[in-house]
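Before any comments, here is the structure.
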2 protein chains.
Amino acid sequence: MQNDISPLFAHIRRFVALDPAEEQLLSDHFQCRTIPRKAFLLKQGEICHNYCFVLKGCLRMYLNTDKGVEQITHFGIENWWIADYMSLMQSSPSDFNIQAVEESEIACIDSQTLESVFVRIPKLERYFRIVTQRAYGASLMRIKYIYTFSGEERFRHFERSFPEFIQRVPQYMLASYLGFTPEFLSKIRSKKEAR
Amino acid sequence: MQNDISPLFAHIRRFVALDPAEEQLLSDHFQCRTIPRKAFLLKQGEICHNYCFVLKGCLRMYLNTDKGVEQITHFGIENWWIADYMSLMQSSPSDFNIQAVEESEIACIDSQTLESVFVRIPKLERYFRIVTQRAYGASLMRIKYIYTFSGEERFRHFERSFPEFIQRVPQYMLASYLGFTPEFLSKIRSKKEAR
DNA sequence: CGCGACGTTGATTTGCCTCAACGATTGTGG
DNA sequence: CCACAATCGTTGAGGCAAATCAACGTCGCG
């Protein structure tokens, strides 16, 4: 059975209006997939061809540092787009891996196809502009937090902002995303309990 | 005398074709300004209304941390856009300051006006989508470098990537942008000379 | 000339990492 | 359904990269 693509339409409708014919066209061009836990959507060295919208589940984007550590740069949960935009735009091999943290359902479209859809539905370009702009804004905030907060402060802030997320992913992934070690996260948490 | 807006047209043409009537429309709606050294385009607490394209010169975007330190998040030089997209999209007070490092010439358009221009020139939306996507990609690379490189490695990498930039801005600004103290940058440099 | 802005250098401190050992929990094959 | 391994989190000791603080040199400019 085909996954339900409607969350994507709902998301698009938050920014631009779609008529039924356009929804049909999109349905025809998006490919829905179910990704098992720990399966990869993209592996380091491959070229990223797809824009992926997360219908359900959770994925992570990470890279392997020279020290052999996995560094998570990004999570993708429901209603987020995930892709290596650098690789996608330049058709260059990606430095990143994209892997399912939980079993996930995604709607993908490869960049060539998307270009052809833009021609037929110009306002979709508007949707992508807005969505990208929001993602860019979030990314700048992220840089702000990295530079102005200590590790502990970053965790506290994240905890306040996304409480539901804390128990959704393993702590070592959280620690990696926040830019420190699992041991350090453990120490922060034990400090809090003692209060 | 009006500043020359043509670098902006040249930049737009790298991504979409403009006919003379459209260039005229843009000329009518963009406002060119000369910003003296150290003047502000945006101050913390204000709402950012404008998308600004740097025709000439250099600006910096920074915030004041609670410890009273200026943290630079971003530089804008020729052919870059600069704005607080978060503040712009949400009409919320900005956390950032945007200030001219050198005397600079910019082409601005406020977000409302830009929306009306999008209606008349839909392909401009495409241009902004692409430009934003590139900026977002660059921002993700930045996060990658922050997390995977040491301070010294970040400096070396920056030096290799943007050699001309090194003597263009004061060292304390570079240090701030790279996420460490001016003292530390000074020590890195002295190490190199000793080679 | 004298002041302020910027860069340098050294001594000391600190936030977080590394490494190692050890529980708890989960999952898997016999 | 149990045994054992793998995975994940915790705790502590020791170490290091970079911050902080303070003093001083230098240049450009009113």
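Here is the naming used below: chain letters follow the sequence lines, and residue numbers restart at 1 for every chain. As the structure is a computational prediction, the values presented were derived from the model and not from experiment.
Annotation: B:F165 is in aromatic contact with B:F75 [ring centroid separation under 6.0 Å]. Ring to ring, A:Y62 and A:Y177 are not that close: their centroids are 6.0 angstrom or more apart.
To the nearest angstrom, P of C:dC16 lies 9 Å from CD of A:E153. One interatomic measurement links the two molecules: CE of B:M173 to C1' of C:dC6, which rounds to 11 Å at whole-angstrom precision. In this structure, B:F180 places its CZ atom 13 Å from P of C:dG7, rounding to the nearest Å. Computed from coordinates, the B:R189 CZ to C:dC6 P distance equals 15 Å when rounded to whole Å. We find that CZ of B:R37 is positioned 11 Å from P of C:dA5, with the value rounded to whole Å. In this structure, the NZ atom of A:K38 is 11 Å from the C1' atom of C:dT26, given to the nearest Å. Atom CZ of A:R154 and atom P of C:dG15 are 14 Å apart (whole Å). If you take CD of B:Q171 and P of D:dT26, they are 16 Å apart, rounded to a whole angstrom.
Using the six-membered ring where Trp is involved, B:H157 and B:Y145 have ring planes that are tilted, between 30° and 60° apart.
OP1 or OP2 of D:dA19 has at least one side-chain nitrogen or oxygen of B:T181 nearer than 4.0 Å.
Checked by atom type, the side-chain pair B:S139/A:S139 shows a donor-acceptor distance below 3.5 Å.
Picking from D:dA19, C:dG7, D:dT11 the nucleotide with the shortest atom distance to the side chain of B:Y172 gives C:dG7. In the set D:dT10, D:dT20, C:dC16, D:dT20 carries the atom at the smallest distance from any side-chain atom of B:E183.
Mapping A:E152 and B:F184 onto DNA chain C by nearest heavy atom places B:F184 at the nucleotide closer to the 5' end.
Counting non-hydrogen atoms under 4.0 angstrom, B:P182 reaches nothing in the nucleic acid.
Between B:F53 and the choices B:W81, B:F30, B:F9, the ring pair (Phe, Tyr, Trp, His ring centres under 6.0 Å) rule is met once, by B:W81.
Side-chain to base pairing of A:K187 with C:dG15: no donor and acceptor N or O lie closer than 3.5 Å to each other.
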